[in-house]
Visitor: 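If you scroll down you'll find the structure; I have some questions about it.
The shown structure was predicted, so the numbers you read here are calculated from the model rather than taken from an experiment. Order of appearance sets the numbers: ligands from 1, and atoms from 1 within every ligand.
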Amino acid sequence: MTNRTETWAQGRIALVTGATSGFGQAMARRVLAAGGRVIATGRRVERLAALETEGAGRLVARPLDLREADAGHRLIDSLPEDFAAIDIAFNNAGLALGLEPAQRADLADWEQMIETNVTGLVRVAHAVLPGMVARGRGHIINMSSVAGSYPYPGGNVYGATKAFVRQFSLNLRADLLGTPVKVTSVEPGACETEFSQVRFRGDETAAANVYKGMKPLSAEDVVDTVEAVLRLPEHLNVNTIEIMPVAQAFSPFAIARDPE
Ligand code: NDP
Ligand code: 8X3
C-alpha cells in the first residue's frame with residue numbers, strides 16, 4: 001500500500017483557487033515543492049504568469065473570476081489532459097469586504113462576498129466532484145473561517161458565507177458516503193495575508209491594525225495544517241478543523257444596558 005504520509009503530493013494534481021495571494025499562493029508552492037502538479041486560478045493575470053514560470057511545466061494557470069456563471073465547468077473543460085484528473089481541490093478563493101454594521105453596509109459588498117465565497121465555491125465543487133467520484137479518489141478542501149462559527153460585530157454577511165461553507169462541506173460528506181472522496185472544512189482565525197487589505201480597500205493602516213501587538217497566523221501555518229490533513233490515511237476524514245493564533249480567543253456576550 002502507498003505510504004500516503006510520504007507521498008501526499010507526489011504525482012498528484014491540485015486545483016488551487018485564489019492562488020495569486022495568501023493561502024492559495026502558499027498552497028500552490030507547497031504542492032510544487034512536494035512534487036505535485038498545480039492548476040492555479042485567480043483574477044490577477046501577472047501573478048498567475050509568475051507562478052506559471054515558477055512551476056516550470058508542473059503548473060498551469062487559468063485566469064478566472066469565480067463570479068462568472070460558468071466559471072467552474074469552463075475551468076475544468078479548459079484543462080490539458082495531463083492536468084484533468086484533479087486529486088485535491090483547494091477551494092480557497094474568497095474575501096471579506098468592509099466591517100460596517102449591517103444597517104450601514106454596502107449591498108454590493110454583500111453580493112460580492114456571496115457570489116465569490118458561496119456561489120464561486122459551489123461552482124468549483126460542482127465541477128470537480130463527478131470526476132473525483134468516477135476516478136474513486138479526491139479531496140475537496142473548502143476554506144471556511146472561525147467567522148462561520150462565532151459572530152462578531154461587522155462580520156454579518158462574511159461570517160454567514162463561511163457558515164455556508166462549513167455546512168456545505170458537512171452535507172457533501174453525507175452525499176459522498178460510500179465513495180472514497182474526502183471533504184474538509186478548514187476554519188482559521190486571524191491570519192496575516194492580503195485579506196485585511198482587501199477588507200479595508202487598500203487602507204494599509206487599518207489592515208496593519210488588525211494584527212498590531214499580536215502574532216497572527218501566517219499563510220504557511222494554514223498550509224502546514226492543510227498538508228497535515230492531506231497526509232492522513234485514506235480511511236480517515238477530517239470533517240472540520242479550526243485553528244487560531246494563541247493570541248486570539250473569545251469575548252463575553254455583549255449586553256446593551258439601560259442608562260442609569
Ligand atoms: P488573500 O486576499 O490574500 O487571497 C484571496 C484570494 O482569493 C486571492 O488569490 C484572490 O485572487 C482570490 N479571489 C478573490 N475574489 C475572487 C474572484 N471573484 N474570483 C477568483 N478569485 C478570487 O486572502 P487569504 O489568502 O487570507 O484568504 C483565502 C481564503 O481564506 C478566503 O476565502 C478567506 O475568506 C479565508 N480566510 C482568511 C483568513 C484570514 O485571516 N486571512 C481566516 C479565515 C479564512 P484575485 O484577487 O487575483 O482574484
Ligand atoms: C477571517 C478571520 O476573524 O477576520 O476569516 O473573520 S476573521
Visitor: Show the atoms of ligand 2 that are less than 4.0 angstrom away from any heavy atom in R199.
Guide: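 Those atoms are 4 (O).
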
Visitor: Please examine the side chains of C191 and D221, heavy atoms only from C-beta on, and report whether any two atoms are closer than 4.5 Å.
Guide: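 Not touching, per the 4.5 Å side-chain cut-off.
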
Visitor: Do any N or O atoms from the side chain of K212 and from the backbone of A207 form a donor-acceptor pair under 3.5 angstrom?
Guide: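 No, the answer is negative, given that no donor and acceptor are paired below the 3.5 Å cut-off.
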
Visitor: How far is atom 2 (C) of ligand 2 from the closest protein heavy atom, and which atom is that?
Guide: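 Minimum-distance protein heavy atom for atom 2 (C) of ligand 2 reads S145 OG, 3.8 Å.
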
Visitor: Report yes or no: do T20 and R43 form a side-chain donor-acceptor pair below 3.5 Å?
Guide: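 There is no such pair between these side chains.
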
Visitor: Can you list the atoms of ligand 2 that are under 4.0 Å from a heavy atom of A147?
Guide: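 So the atoms of ligand 2 that pass are 6 (O).
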
Visitor: Ignoring hydrogens and angles, write down the donor-acceptor pairs under 3.5 Å from the side chains of residues 248-260, residues two or more places apart or on other chains.
Guide:
from	atom 1	to	atom 2	distance (Å)
Q248	OE1	A190	N	2.8

Visitor: Just need the protein heavy atom nearest to atom 6 (O) of ligand 2, so name the residue and atom and give the distance.
Guide: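 Minimum-distance protein heavy atom for atom 6 (O) of ligand 2 reads Y152 OH, 2.6 Å.
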
Visitor: Given the rule in the salt bridge (charged side-chain N to carboxylate O under 4.0 Å, His left out) test, do E220 and R30 qualify, once you have shown the distances and angles that lead to the verdict?
Guide: CA-CA 9 Å; E220 292 300 320; R30 185 71 62 95; 2.7 Å; yes

Visitor: Check whether Y158 forms a cation-pi arrangement with R199 (NZ or CZ under 6.0 Å from the six-membered ring centre, at most 45° off the ring normal).
Guide: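 The answer is yes; both the distance and angle limits are met.
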
Visitor: For ligand 2, which atoms sit closer than 4.0 Å to a heavy atom of Y158?
Guide: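 In order of number, 1 (C), 5 (O), 6 (O).
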
Visitor: Name the residues in contact with ligand 1, where contact means a heavy atom under 4.0 Å away: which are they?
Guide: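 Residues near ligand 1: G18, A19, T20, S21, G22, F23, G42, R43, R44, L64, D65, L66, R67, N92, A93, G94, T116, M143, S144, S145, Y158, K162, P188, G189, A190, C191, T193, E194, F195, V198.
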
Visitor: Can a side-chain donor-acceptor contact be found between E187 and Y150 if the only test is distance below 3.5 angstrom?
Guide: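 Absent: no donor and acceptor within the cut-off.
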
Visitor: Classify the side-chain pair N92/T17 by whether it contains a donor and acceptor separated by less than 3.5 Å.
Guide: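 No, because no side-chain N or O of N92 sits under 3.5 Å from a partner of the opposite role on T17.
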
